[in-house]
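The next block holds one structure in the form of C-alpha cells; read it before the comments.
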Amino acid sequence: MNDSAFLAPRKCLLEPIPEIWIAARLLREAVDAHLSGETHRAETLISEADVPAIAKWTDSIWGHRSKDIHRFRSVPNSPPTVVKEMRPQPRIPTAETQLRVKERDGFFCSFCGIPVIDKSIRTKIHTAYPNALRWGSENVEQHAAFQCMWLQYDHVLPNSRGGESSFANVVVTCTSCNFGRMEWTLEEVGLMDPRIAPVPPSWDAAAKWNGLGDFI
C-alpha cells in the first residue's frame with residue numbers, strides 16, 4: 001500500500017470480521033429463544049457467540065497500538081489538549097442526551113456499522129445467563145461478542161480536545177472504535193465524520209432485549 005492509500009480517509013479503524021455478524025445472528029436467535037421460553041437453547045446460543053476471533057479483532061484495535069491500524073498523522077492547527085480541570089462538563093453525556101443519540105443513531109456503531117448492545121441490556125442477560133455471558137474485570141474474562149458490541153457514546157471532537165457532551169458532538173459507537181481512537185481527532189487518524197453518513201436502522205435484537213425485565 002502506498003503512502004497516499006495508507007493515509008486516505010476511511011470509515012473506521014479496521015473493517016469488521018465476518019465472525020461479528022455471525023455472533024450477532026446467534027444473539028438474535030438467543031433473544032427469540034429466550035422470549036419463547038427456550039432458556040437452554042438461549043444459553044447455548046449465547047455461549048456460541050463467545051468467539052475468540054472476535055476478541056482478537058477487538059484487542060487489535062484498542063488493546064495495543066498497531067501502525068497498520070492506527071494511522072496517526074500531524075494536522076496543522078488541530079485543537080490542543082485541554083487540561084482536565086478546564087474540559088467541558090459533564091464528561092459523560094446526560095441520560096437525556098444518551099437517549100436522543102440512540103434514537104438518532106440506532107443500535108449500530110456510527111463508524112464500523114456493527115450492532116451494539118447497551119450495558120443495561122448486557123447486565124440483564126448476564127443476570128439470566130451468568131455461565132453463558134461471562135463478564136469479569138479483565139478483558140480476557142469477558143464474553144467476546146458482548147465486549148466487542150458494547151455500546152459507547154463517543155465524542156466526535158474528543159472531550160480532552162474541548163469537545164462537549166452534546167447531542168451534536170456525541171455518536172453511538174462500539175467499544176473498539178471508541179477506545180481505539182481515544183483522544184485523537186478524526187483528522188489525525190484519517191477517519192470520515194460519521195455524522196454525515198446515512199443512519200442505519202435499529203437492531204431488532206437489541207430492542208427485544210429491552211423487554212427482558214418482564215421475563216427475568
Side-chain angles (χ1 to χ4, degrees), residues 9-32 42 45-66 68-71 93 98-99 101-126 132-135 139-140 142-156 158 170-182 184 186 189-210 212:
R10 52 191 172 145
K11 176 70 176 171
C12 59
L13 295 173
L14 184 64
E15 288 294 326
I17 57 176
E19 287 85 350
I20 296 174
W21 303 104
I22 294 172
R25 175 180 56 79
L26 291 171
L27 294 179
R28 186 178 295 110
E29 292 176 3
V31 171
D32 292 333
L45 290 165
I46 293 169
S47 294
E48 290 178 357
D50 190 4
V51 182
I54 297 177
K56 184 177 180 180
W57 180 85
T58 301
D59 184 66
S60 72
I61 302 173
W62 66 279
H64 62 276
R65 298 294 174 194
S66 166
D68 294 324
I69 297 172
H70 305 89
R71 305 172 190 174
Q98 292 181 19
L99 179 60
V101 169
K102 282 190 290 189
E103 290 175 343
R104 181 194 66 202
D105 296 347
F107 289 93
F108 282 88
C109 176
S110 297
F111 287 101
C112 71
I114 68 170
V116 291
I117 304 173
D118 194 281
K119 176 182 177 180
S120 63
I121 300 173
R122 185 192 70 228
T123 299
K124 289 182 179 181
I125 304 172
H126 175 67
L133 202 175
R134 59 194 181 92
W135 199 260
N139 289 349
V140 296
Q142 297 173 358
H143 188 289
F146 281 93
Q147 181 191 70
C148 170
M149 300 179 193
W150 184 356
L151 187 154
Q152 304 286 316
Y153 300 96
D154 190 14
H155 296 77
V156 178
V170 173
V171 294
V172 165
T173 69
C174 68
T175 312
S176 299
C177 287
N178 183 21
F179 295 152
R181 182 167 66 99
M182 294 300 286
W184 285 276
L186 298 181
V189 291
L191 289 174
M192 292 181 271
D193 192 330
R195 295 170 297 186
I196 63 176
V199 177
S202 294
W203 187 38
D204 63 336
K208 288 180 180 178
W209 279 120
N210 274 316
L212 278 181

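Atoms considered below: every heavy atom in the structure, side chains included; atoms not considered: hydrogens, waters and symmetry mates. In this text, all values refer to a predicted model and were calculated from it rather than measured experimentally.
Between M149 atom CE and S176 atom OG the span is 10.5 Å, to the nearest 0.5 Å.
Smallest separation of non-hydrogen atoms from E15 and W57: O-NE1, 3.0 Å. Among all heavy-atom pairs drawn from V156 and V171, the shortest one is CG2-CG1, 4.0 Å. The nearest pair of heavy atoms linking C174 to I114 is CB-CD1, 3.7 Å. Of all heavy-atom pairs spanning F111 and M192, the tightest one is CE2-O, 3.9 Å. Scanning all heavy atoms of the two residues, the minimum distance from I46 to A30 falls at CG1-CB, 3.8 Å. Across all non-hydrogen atoms, the minimal contact from P16 to C112 is CG-O, 3.6 Å.
Although no hydrogens or angles enter the test, the distance criterion places no donor-acceptor pair under 3.5 Å between the side chain of R25 and the main chain of R28. Between the Q98 side chain and the P93 main chain, a donor and an acceptor come within less than 3.5 Å of each other. Without hydrogens or angle criteria, K124 side chain to K119 main chain gives no donor-acceptor distance under 3.5 Å.
Side-chain contact between C148 and I20 is present, with at least one heavy-atom pair separated by less than 4.5 Å. Residues P158 and R181 have side chains in contact (heavy-atom distance under 4.5 Å, counting atoms from C-beta outward). The closest side-chain heavy-atom distance from V116 to V172 is below 4.5 Å. Proximity of H143 to R122: side-chain heavy atoms (C-beta onward) are nowhere separated by under 4.5 Å. Between T58 and N139 there is no side-chain heavy-atom pair separated by less than 4.5 Å. Contact annotation: the side chain of I17 never approaches that of K56 to less than 4.5 Å [non-hydrogen atoms, C-beta and beyond]. The shortest side-chain heavy-atom distance between P115 and W21 falls under the 4.5 Å cut-off. Between M182 and W62, the closest side-chain pair of non-hydrogen atoms is not below 4.5 Å.
Applying the ring-ring contact (aromatic ring centres under 6.0 Å, His included) criterion to W135, with sequence neighbours excluded, gives W150.
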